[in-house]
Every structure is written in structure tokens, then in C-alpha cells.
Amino acid sequence: MMNIPDSSNPRVVIIGGGFAGVSLARKLKNKNFQVVLLDKHNYHNFQPLMYQVATGGLESGSIAYPIRKIIKEHKEAFFRMALVEQIDTKNKKVITDIGTIYYDYLVIATGSTNNYFGNKEIEKNSMVMKTIPEALNIRSLILENFELALQTNDAAERKALMNFVIVGAGPTGVELAGALAEMKKAVLPKDYPDLDVSMMEINLVQGSQNVLDAMTNKSSKAAEKYLKALGVKIHLKTIVTGYDGNTVSTKDGLSFKTQAVIWSAGVKGAPTEGIAETLDRANRIRVNDYNQVEGFEDIFALGDVAAMYGEKYQYGHPMMAQPAIQQGQLLAENLERLVKKQSLKKFVYNDKGSMATIGRNKAVVDLPKLHFNGVFAWFVWMFVHLFSLIGFKNKTLVFWSWVYNYFVFDRESRVIIRPFRKNRDLEQQMNQ
Ligand SMILES: Cc1cc2nc3c(=O)[nH]c(=O)nc-3n(C[C@H](O)[C@H](O)[C@H](O)COP(=O)(O)OP(=O)(O)OC[C@H]3O[C@@H](n4cnc5c(N)ncnc54)[C@H](O)[C@@H]3O)c2cc1C
């Protein structure tokens, strides 16, 4: 049903066209393999800039890139838009919503998903930002809440509509809070002159004692200072226990009346069905030093979904783009070695550092041996993100949007293209 011809070359089926899957597929270009790349979306997306889509700074198209275009010049490479439902390791088959395909080698690069730690109420009522449709939902919700705030005569309701609660102060939470604070300062007062935008609140709630916990203390403190200067209210050591759609409750009795909660407090692996015995407590697939799934010679897992335990990375590598890219690159080499019956090369993570931006002119950067923040860090952040984007068109689009937004103090994409309805079941169907 998938219409993929037989080949004399071994077939590598890659599930997921994210950072890991694409980096592997690119490296397998014109090697002696038939490559079949499967993804439920027909585009590769660049999550690090997703918060700018959610806050109207970038159009969604500028962070998405057609997967077909990435492999269009590869010999014997096929893309199929398919949702993988299960893998059948006994018969070496992948079962999808468009049919079943046999593999010689299977690579699972399905990434991660939101972790609500079992709290169904939060899952039902809060917003998340793992996919572009979800980022667009957040954008719609922000704008719809402002439209509603303008219409109501009830002061308490208006306050709740203008109260944004972000749970989790990792890079996503921090960058989103900074962008919302900038909207409050420079954009929303112009759009809603008849609304008292100063009433808007941005509450950033964090369970541990620092924002950007995974970064150095220096960067955490700098980010906290920047956020406070922008008017973001930070609540550290505060554990959110529920959100019923109207009120956020916390372990130590705080509560926030709000119509917008964004959950960025946890991720877990998003493996395919059929490999349950290899999962760890974060739902990631246990792999050896060659990204081979425990107990299999012909199945590999890469990126967020893979847990390669080691001395330095006790529970696997950080769920970030670089480990995914580097693992994909090495696996291409190792697959060739495997076919030639040569010994495989161990994966060694080359940590290039991490960074986050907190609005205009402000960012924090941790390089392996250097930590800095401020305007220079912001330029480094922009440069790195611009050059990491795939495609000349996307780079140009993002560059011009940034130049425009910087000089005009604007966020052009303030449009409600697809209204967000607070009905999770419906939304989930649309997001699949
Ligand atoms: C909002 C946000 C901001 C981020 N910012 C940064 C950052 O600044 N720096 C950084 O290094 N990292 C950042 N990350 C993390 C980074 O995006 C991930 O670590 C990275 O994407 C992992 O790559 P991956 O290839 O493992 O998974 P992904 O890139 O998530 O790719 C997984 C792919 O698999 C597909 N897929 C999943 N399940 C199925 C299925 N059953 N059938 C078919 N297809 C399937 C998905 O559609 C997707 O295309 C951010 C993440 C988010 C959500």
C-alpha cells in the first residue's frame, strides 16, 4: 500500500523527520541503502523558535520546512506521510495508518511529548507547545482573550482573561514569558488603546529554586533579573497541583485566576507502540553506546526518544537538538559499518552549550568554557538560531521578521486564523 519498490539495497526505515531523523537521512544520501522516512507531518519543524510563532513574532511557515525537499536529490529515498501505529519486531514490520512496511534496519526518532505527571485536569485545561498547530493555538488564545477582555464589564473576568500563567521555567517557559512581556510593553497597548493593558499579568511558576535550572547559576540569575525587569512575576519553589480551567492551585496554597495556562513543566519520550520492554522511567527507549535498542541488532533509537545511560549522562543525554543531530550523523556511519561487518563507533556527545533569550537585547549563553549574557549574548543567540534553520527561504524570512520587529517594535502575525476552542478532544484530533 505504501508503494515503495523492492531494492537490492538494505532498507532503512526512519520514523520521524525531526532533528535526529533528518540528520540521519541527510547523511545517508546516495549511500547503498534504500531510505524510507515516515512522519505524521510533511514538514520538519524548528522548535527553538516556536515561541515566536506563539507570540506573533514569526509566521509558522518560516519555521517549517517540507521534508520532501530535504531528500529530493537523494537516490532511493522515499518519504511517506504516515502515522506509525506500531512496530512488529518479530516480523520486522512497521504498521502505519497508510499500510505496513518491512524493514532491514529500523530507526525510531519520534521525539518527545508533554509530561503532565499523570494530572488529567492539567492535561485537559492547559495549553502546550510541542507542535506548530499548538503554537498557533496559543497565539489564537492570547488574542481571543484580549478580544474577550475588551468586551466584558466584569472586572474579575477581565483580570482572569489577561492573566497568563506559564508553568515551568525551562527555556520554553522563560522565552515565552519574555516574549509575552514584550507584547505587553510594545504591541498590545497599540492594538487595544481602550483596554488597560497594564492589568496584564505574566506569572512564571517554577518547582525548583531557579529559572533555567539546567544552565549555570550565573545564567539562571541573569535570566531571572531580566524577566523581573520586564515585569514577569516569578514564583520559585512552587508546585502546581491543578488547573480546573479557571483557577490554578499550588501545593502551598497559592492560587491564580486565569483563562490561559501554558504547561512547559515536563517532557517524556514519545516511543512507538511495540517496544515497551525497552522503556525507562522517562518513557525513553534504552539504547547502547551505538544507539542500538537494547536486545536488538537491527533497531535503533535516536534523539529525545533515546536514553543512552553513561557516566556523565546518568539518565541519557539532554532532550535537545544537538544530541539528536549528532546521533543521527553517527548512525549513518555505523549503518555502513554494520553492513560491512566492521565494528561500530561509540557515540560521544560534543556539548556545544546552551542558550536562551529573554526579549530584546537580552540573552544568556553557556558555552563549555564561557558564560555570558546581555546584548552580545543576544546577537550570538540570533546568529546561531538563524544559521541552524534549514533552507535559504526560512533564514531570509526569519531574518527580515526580526529586523522589522526590532525597528518597528512590532509582532506582525497577530491574526486569529484558526480560532482556538477550549475543547481538548477536538484540538487533539486536529493536532495529530
Ligand atoms: C518549544 C520548544 C523549544 C525548544 N527549544 C530548544 C532549543 O532552543 N535548543 C535545543 O537544543 N532544543 C530545543 N528544544 C528541544 C528540541 O526541539 C528537541 O530536543 C529535538 O527536536 C529532538 O529531536 P528529535 O529528532 O529527537 O525529535 P523531534 O524533532 O521532536 O522529531 C520527532 C518527529 O517524529 C514525528 N513523529 C512522532 N511520532 C510519530 C509517529 N507515531 N508516526 C509518525 N511520525 C511521528 C514527529 O512528527 C516529529 O517530526 C525545544 C523543544 C520545544 C518543544
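One-based numbering, in listed order, for ligands and for the atoms of each. Side chains included, hydrogens not; waters and symmetry mates left out as well; all remaining heavy atoms used.
Under the 4.0 Å distance rule, the nearest protein heavy atom to atom 25 (O) of ligand 1 falls inside the cut-off.
The stretch residues 365-383 participates, sequence neighbours left out, in no salt bridge (charged side-chain N to carboxylate O under 4.0 Å, His left out) pair at all.
Under the 6.0 Å cut-off for aromatic ring centres, Phe347 and Tyr290 do not qualify, their centroids lying 6.0 Å or more apart. Aromatic ring centres of Trp378 and Trp402 lie farther apart than the 6.0 Å criterion allows.
Looking only at distances, a side-chain donor or acceptor of Lys395 sits under 3.5 Å from a matching main-chain atom of Leu389.
Ranking protein heavy atoms by distance to atom 31 (O) of ligand 1, first place goes to Gly18 CA, 3.2 Å. The nearest heavy-atom contact from the protein to atom 20 (C) of ligand 1 is Phe19 CD1, 3.6 Å. With respect to atom 34 (O) of ligand 1, the closest heavy atom belonging to the protein is Gly16 CA, 3.3 Å. Nearest protein neighbour of atom 36 (N) of ligand 1, counting heavy atoms only, is Lys40 CE, 3.9 Å. Looking only at protein heavy atoms, the nearest one to atom 52 (C) of ligand 1 is Gln47 CB, 3.5 Å. Of the protein's heavy atoms, Ala321 N, 4.0 Å lies nearest to atom 16 (C) of ligand 1. Residue, atom and distance of the protein heavy atom nearest to atom 7 (C) of ligand 1 are Pro48 CG, 3.5 Å. Regarding atom 42 (N) of ligand 1, its nearest protein heavy-atom neighbour is Val84 N, 2.9 Å.
With atom 39 (C) of ligand 1 as the reference point, the heavy atom nearest to it among Thr110, Thr357, Val305 is part of Thr110. For the residues Gly17, Gly111, Gly269, the heavy atom positioned nearest atom 27 (O) of ligand 1 is part of Gly111.
With no hydrogens or angles considered, a side-chain donor-acceptor pair links Arg411 and Thr55 at under 3.5 Å. Judged by distance alone, the side chains of Asn45 and Tyr65 never bring a donor and an acceptor atom under 3.5 Å apart. The closest side-chain donor-acceptor pair between Asp304 and Ser112 falls under 3.5 angstrom. Asn30 and His74 share no donor-acceptor pair across their side chains, judged by distance under 3.5 Å alone. Lys218 and Asn373 share no side-chain donor-acceptor pair at under 3.5 Å.
The atoms of ligand 1 that sit less than 4.0 Å from any heavy atom of Met129 are 1 (C), 53 (C). Taking every non-hydrogen atom of His41 and a distance limit under 4.0 Å, the qualifying atoms of ligand 1 come out as 47 (O). Interface atoms of ligand 1 facing Gly303, defined by a heavy-atom separation under 4.0 Å, are 26 (O). Ligand-side atoms of ligand 1 in range of Lys130: 53 (C), range being under 4.0 angstrom from any heavy atom. Of all atoms in ligand 1, numbered sequentially from 1 with element shown, those under 4.0 Å from a heavy atom of Ala324 are 23 (O). Every atom of ligand 1 with a heavy atom of Met319 under 4.0 Å away is listed here by number and element: 15 (C), 19 (O). Each of the atoms 1 (C), 2 (C), 3 (C) of ligand 1 lies under 4.0 Å from some heavy atom of Thr172.
If you look at Ala82 next to ligand 1, the close heavy atoms, those under 4.0 Å, all belong to the backbone. When non-hydrogen atoms are compared, ligand 1 lies under 4.0 Å from the backbone of Asp304 as well as from its side chain.
By the 4.5 Å heavy-atom criterion applied to side chains, Ile98 and Arg80 are counted as neighbours.
Taking a 4.0 Å cut-off on heavy atoms, Ala109 registers as neighbouring ligand 1.
Considering backbone and side-chain N/O atoms, Asp39 comes within less than 3.5 Å of an N/O atom of ligand 1.
Between Asp298 and Lys92 there is a salt bridge, with a side-chain nitrogen of the basic residue lying less than 4.0 Å from a carboxylate oxygen of the acidic one.
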Show me the donor-acceptor pairs, under 3.5 Å and distance only, between side chains in residues 11-28 and residues at least two apart or in other chains.
residue : atom : partner : partner atom : Å
Arg11   : NE   : Gln34   : OE1          : 2.6
Arg11   : NH1  : Tyr102  : O            : 3.0
Arg11   : NH2  : Pro5    : O            : 3.4
Arg11   : NH2  : Gln34   : OE1          : 3.4
Ser23   : OG   : Ile325  : O            : 2.8
Ser23   : OG   : Gln329  : N            : 3.3

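Taking the centre and axis of the six-membered ring of Tyr315, the NZ or CZ atom of Arg281 falls inside the cone set by 45° and 6.0 Å.
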